[in-house]
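Input: a single structure, listed below in structure tokens.
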Amino acid sequence: MSQRYLKNYLQKLSKAGNNLNFVSAAYRYGKFTIYCLIGPEENIIHLTFAPNRHELAQKQLAGLDQNVCFKTLQQDVFRYNIVFHDYFTGNLSRFPIKTDSPFIGAGTRFQQRVWHHISAIPYGCSITYKRLAELAGSPKAVRAAGTACGANPLALIIPCHRVVAQKGLGGFAGGLAAKKSLLALEGFKNNCI
DNA sequence: GTGTGGCAGTTAG
DNA sequence: CTAACTGCCACAC
């Protein structure tokens with residue numbers, strides 16, 4: 001994770017006349033809770049089911065510039081509230097969300113390749129960590145592919161819950177129960193790739 | 001089922 | 001530079 005890239009992002013925001021006000025909020029959809037970080041340009045820059053990851057992402061930004069601050073935003077005026085509501089009720093299979101997160105650019109080459117290939121997994125489908133490693137061009141980097149999944153800064157939008165072990169579910173930063181529920185929600189049956 | 005060694009990428013020191 | 005740590009896999013019992 002390149003701190004320099006993140007710092008650059010903050011500098012660019014400042015130069016463009018933004019004050020570094022971010023939204024930090026937890027939103028609830030039935031049994032799911034997502035933790036969002038939203039940038040000054042209203043883009044989601046970080047999304048996770050794991051509160052500790054959410055904290056960490058905030059600390060990273062705050063540590064790079066004194067002017068960074070976080071405010072909350074009520075769920076009913078959250079720009080993508082309907083979108084997530086529809087997804088979590090099984091009525092949406094693709095996110096019409098412009099993803100523009102500095103945490104992607106701050107990732108390593110390998111991580112970015114992994115995230116790219118995860119993004120291509122269709123709704124309701126899955127691939128294995130092994131296949132993902134192959135697609136990312138490092139067939140033997142199976143464990144590394146797993147850790148790259150865990151480092152994914154945009155849960156759901158980059159659907160890392162659709163990556164499973166050859167035998168079993170594998171892991172999930174936001175808890176295995178959530179991963180299981182997401183796959184069930186999507187009507188997951190078998191590998192599609 | 002369970003042990004265990006190997007693995008590649010990332011991070012901390 | 002090492003060493004430690006993973007959302008794993010293969011291959012043994």
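In this text the structure is predicted, and so the values were computed from the model without any measurement. Numbers restart at 1 for each chain; the letters A, B, ... are given by sequence-line order, proteins then strands.
In this structure, A:Asn52 places its CG atom 11 Å from P of C:dG7, rounding to the nearest Å. B:dG6 atom P lies 24 Å from atom OH of A:Tyr129, rounded to whole Å. A:Met1 places its CE atom 11 Å from the P atom of B:dA12, with the value rounded to the nearest Å. Regarding A:Glu134, its CD atom lies at a distance of 11 Å from the P atom of C:dC9, rounded to whole Å. Taking atom CG of residue A:Leu132 and atom P of nucleotide C:dG7, one finds them 14 Å apart after rounding to whole Å. Between the CD atom of A:Gln3 and the C1' atom of B:dT11 there is a distance of 11 Å, given to the nearest Å. In this structure, A:Arg143 places its CZ atom 12 Å from P of B:dA8, rounding to the nearest Å. The CD atom of A:Gln111 sits 11 Å away from the C1' atom of B:dT11 (whole-angstrom rounding).
Going from atom CZ of A:Phe188 over to atom OG of A:Ser126 covers 3.5 Å, rounded to the nearest 0.5 Å.
Distance alone, capped at 3.5 Å, is enough to place a donor-acceptor pair between the A:Ser101 side chain and the A:Ile45 backbone.
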**Item:** DNA chain C base-pair string [pairs: Watson-Crick or G-U under 3.5 Å; |: paired with another strand]
**Value:** ||||||.||||||
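Phosphate contact (OP1/OP2 of B:dG9, side-chain N/O of A:Lys140, threshold under 4.0 Å): absent. In this model, the phosphate group of C:dA10 is approached by a side-chain N or O of A:Gln166 to a distance below 4.0 Å at OP1 or OP2.
The side chain of A:Ala144 lies closest to B:dG9 when the candidates are C:dA10, B:dC7, B:dG9. Here C:dC9 is the nucleotide among C:dC9, C:dG7, C:dT6 with the atom lying nearest to any side-chain atom of A:Val142.
When heavy atoms are screened at a 4.0 angstrom cut-off, A:Ala141 is found touching the sugar-phosphate backbone but no base atom. Nucleic acid contact class of A:Ala133 (heavy atoms, under 4.0 Å, all strands): none. Counting any heavy atom pair closer than 4.0 Å across all strands shown, A:Ser138 reaches sugar-phosphate atoms only and no base atom. Among the protein residues, A:Phe110 comes within range of the sugar-phosphate backbone only, with heavy atoms under 4.0 Å from sugar or phosphate atoms but none that close to a base.
Aromatic rings from A:Phe78 and A:Tyr27 are positioned such that their centres are separated by under 6.0 Å.
The residue among A:Ala173 and A:Lys130 whose nearest nucleotide of DNA chain C is located toward the 5' end is A:Ala173.
Residues A:Cys36 and A:His46 are not in side-chain contact: their nearest non-hydrogen atoms beyond the backbone lie 4.5 Å or more apart.
Follow the hydrophobic side-chain contacts under 4.5 Å out from A:Leu176 and you reach A:Ile34 in the same cluster.
Relative ring orientation between A:Tyr29 and A:Phe88 is described as parallel, the plane-to-plane angle staying below 30° on a 0-90° scale split at 30° and 60°. Classification of the A:Phe172-A:Phe49 ring pair by plane angle, with boundaries at 30° and 60°, yields tilted.
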